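Written out below as structure tokens is the structure these notes cover.
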Amino acid sequence: MKPVSSYKLFTDTTFILRFIISVNVLYFLASLLFSGKGTNFSLDPLNTLSPSSQSLIFLGASGTLPVGHFQQWWSVITANWLHGSLLHILFNMLAFSQIAPFVAKVYGIHKMFIIYSITGIAGFVISCLAGVQLTIGASGAICGLIGATLYFGKSRGGVLGDAVYRQTMGWVIGIGILGLLVPNINNWGHGGGLVFGIGAGMLLGYNDQARENILHVAAGTLLALITMGLLLWRLLAGISTIF
């Protein structure tokens, strides 16, 4: 059996997408572990297996409380990888697994990660400016991917572009309705992610406009290293506190 090079692993779309989902799951489990007796085991499906606010802030939740009070400016990066309940992470990871492969295909895997990271950060920054006290979740970044897909469909046109645009608008409408009906949804983060996703798609360009190059690879890798460094820092800090 031939060994798989590390370069091939980190340029393989399937591996990277699965890795992103795995990190989200890992940090959800870590947030439950750090919550201990503070974990919410409510039968309410919206709150089943909810980590405590303290563990989420410690691991990197964002909002005016962590950023303004605790000066955790880096939380606009880490909050993208934390979730508030079992249903929350299931919904976001299912959505990610549907939209991210398409974005990776039409933009390139490194551009996809750039869009995912930057729009997640943008959503949390806007949430802070809007006065949201505590916020977490990948939904702002997922809305960023949806925004990039929306731009692709509208710009590409033709049978494929029109079909993608119509389907993506269905997502946008569904997210808007969900934001109005379900309590505690951060619509500022969703809206910010969506708008910045459209802008990021326009600036980066999809494959028919501009193929991925070494600059995209470098930017995506840098963002990944910063993100993983911050997440690992908080995870090790939590483990050292427990043991």
Side-chain angles (χ1 to χ4, degrees), residues 8-25 77 79-81 83 89-124 126 137-176 178 189-224 226-228:
K8 187 174 182 180
L9 271 181
F10 288 98
T11 55
D12 181 78
T13 297
T14 301
F15 173 79
I16 293 173
L17 296 179
R18 288 177 178 174
F19 184 77
I20 291 171
I21 293 173
S22 298
V23 172
N24 276 276
V25 172
I77 298 174
N80 197 34
W81 303 80
H83 290 85
I89 190 170
L90 283 175
F91 183 84
N92 276 348
M93 292 304 98
L94 284 172
F96 176 82
S97 65
Q98 291 184 53
I99 191 70
F102 180 79
V103 177
K105 181 178 180 180
V106 298
Y107 282 91
I109 186 61
H110 298 96
K111 286 184 187 179
M112 186 284 297
F113 190 76
I114 292 170
I115 295 168
Y116 183 76
S117 300
I118 294 300
T119 57
I121 293 170
F124 288 118
I126 290 172
S139 52
I142 291 168
C143 285
L145 297 180
I146 291 172
T149 305
L150 201 66
Y151 168 73
F152 167 81
K154 190 67 174 177
S155 174
R156 177 72 162 70
V159 176
L160 173 62
D162 290 345
V164 169
Y165 182 77
R166 286 195 301 270
Q167 184 175 357
T168 309
M169 277 303 300
W171 279 70
V172 174
I173 293 169
I175 291 170
L178 197 67
H190 289 180
L194 181 68
V195 171
F196 273 81
I198 295 171
M202 190 182 304
L203 289 172
L204 292 172
Y206 47 88
N207 286 336
D208 289 348
Q209 297 174 326
R211 305 290 298 184
E212 266 194 346
N213 57 45
I214 190 62
L215 293 178
H216 300 127
V217 175
T221 302
L222 179 61
L223 282 169
I226 292 171
T227 301
M228 292 302 106

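Residue numbers run from 1 in the order of the sequence given. Quick caveat, the model's predicted, so the values are computed rather than measured.
Closest heavy-atom contact between Gly201 and Ala148: CA-CB, 4.3 Å. Ala122 approaches Phe196 most closely through the heavy-atom pair CB-CG, 3.6 Å. Minimum heavy-atom separation, Gly144 to Thr119: CA-OG1, 3.5 Å. Annotation for Ser139 and His190: closest pair OG-NE2, 2.9 Å, computed over non-hydrogen atoms. Contact record, Asn80 with Ala141: OD1-CB, 3.4 Å, taken as the closest heavy-atom pair.
Applying the side chain to side chain contact (heavy atoms under 4.5 Å, CB included) rule to Leu223 yields the partners Phe113, Ile114, Ser117, Ile118; only residues at least two apart in sequence or on another chain are considered. Applying the side chain to side chain contact (heavy atoms under 4.5 Å, CB included) criterion to Thr221, with sequence neighbours excluded, gives Val217, Leu225. In this structure, the side-chain hydrogen bond (donor to acceptor under 3.5 Å, both in side chains) partners of Ser155, at least two apart in sequence or on a different chain, are Tyr206, Gln209. Residues passing the side-chain hydrogen bond (donor to acceptor under 3.5 Å, both in side chains) test with Asn213 are His216, sequence neighbours excluded. Legend: residues meeting side-chain hydrogen bond (donor to acceptor under 3.5 Å, both in side chains) with Asn207, ordered by chain and number and at least two apart, are absent. Scored by the side chain to side chain contact (heavy atoms under 4.5 Å, CB included) test, Leu222 finds Ile226 as partners (sequence neighbours excluded). Under the rule for a ring-ring contact (aromatic ring centres under 6.0 Å, His included), the partners of Phe102 that lie at least two apart in sequence or sit in another chain are Phe152. Residues that satisfy the side-chain hydrogen bond (donor to acceptor under 3.5 Å, both in side chains) test with Asn92, not counting sequence neighbours, are His83, His88. In this structure Ala100 satisfies the side chain to side chain contact (heavy atoms under 4.5 Å, CB included) test together with Leu17, Phe96, Met112, Leu145, sequence neighbours excluded.
The line from CD1 of Ile126 to CD1 of Ile121 is 12.0 Å long, rounded to the nearest 0.5 Å. Of the inter-residue distances, the one linking Leu203 atom CG with Ile198 atom CD1 reads 12.0 Å to the nearest 0.5 angstrom.
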- Could you give me the CA-CA distance, side-chain angles and deciding distance for Thr227 and Tyr116, then say whether side chain to side chain contact (heavy atoms under 4.5 Å, CB included) is met? CA-CA 12 Å; Thr227 301; Tyr116 183 76; over 6 Å; no

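Leu194 is not listed as a side-chain neighbour of Ile175, based on a closest heavy-atom distance of 4.5 Å or more.
Looking only at distances, no side-chain donor or acceptor of Lys111 sits under 3.5 Å from a matching main-chain atom of Val106.
The salt bridge (Lys or Arg N to Asp or Glu O under 4.0 Å) pairs that include a residue from residues 151-160 are Arg156-Asp208, where partners are two or more places apart or lie in different chains. Pairs engaging residues 95-105 under the side-chain hydrogen bond (donor to acceptor under 3.5 Å, both in side chains) rule: none recorded [sequence neighbours left out].
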Taking distance alone, no hydrogens or angles, what donor-acceptor pairs closer than 3.5 Å link side-chain atoms of residues 160-172 to residues at least two apart or in another chain?
from: Thr168; atom 1: OG1; to: Val164; atom 2: O; distance (Å): 2.6

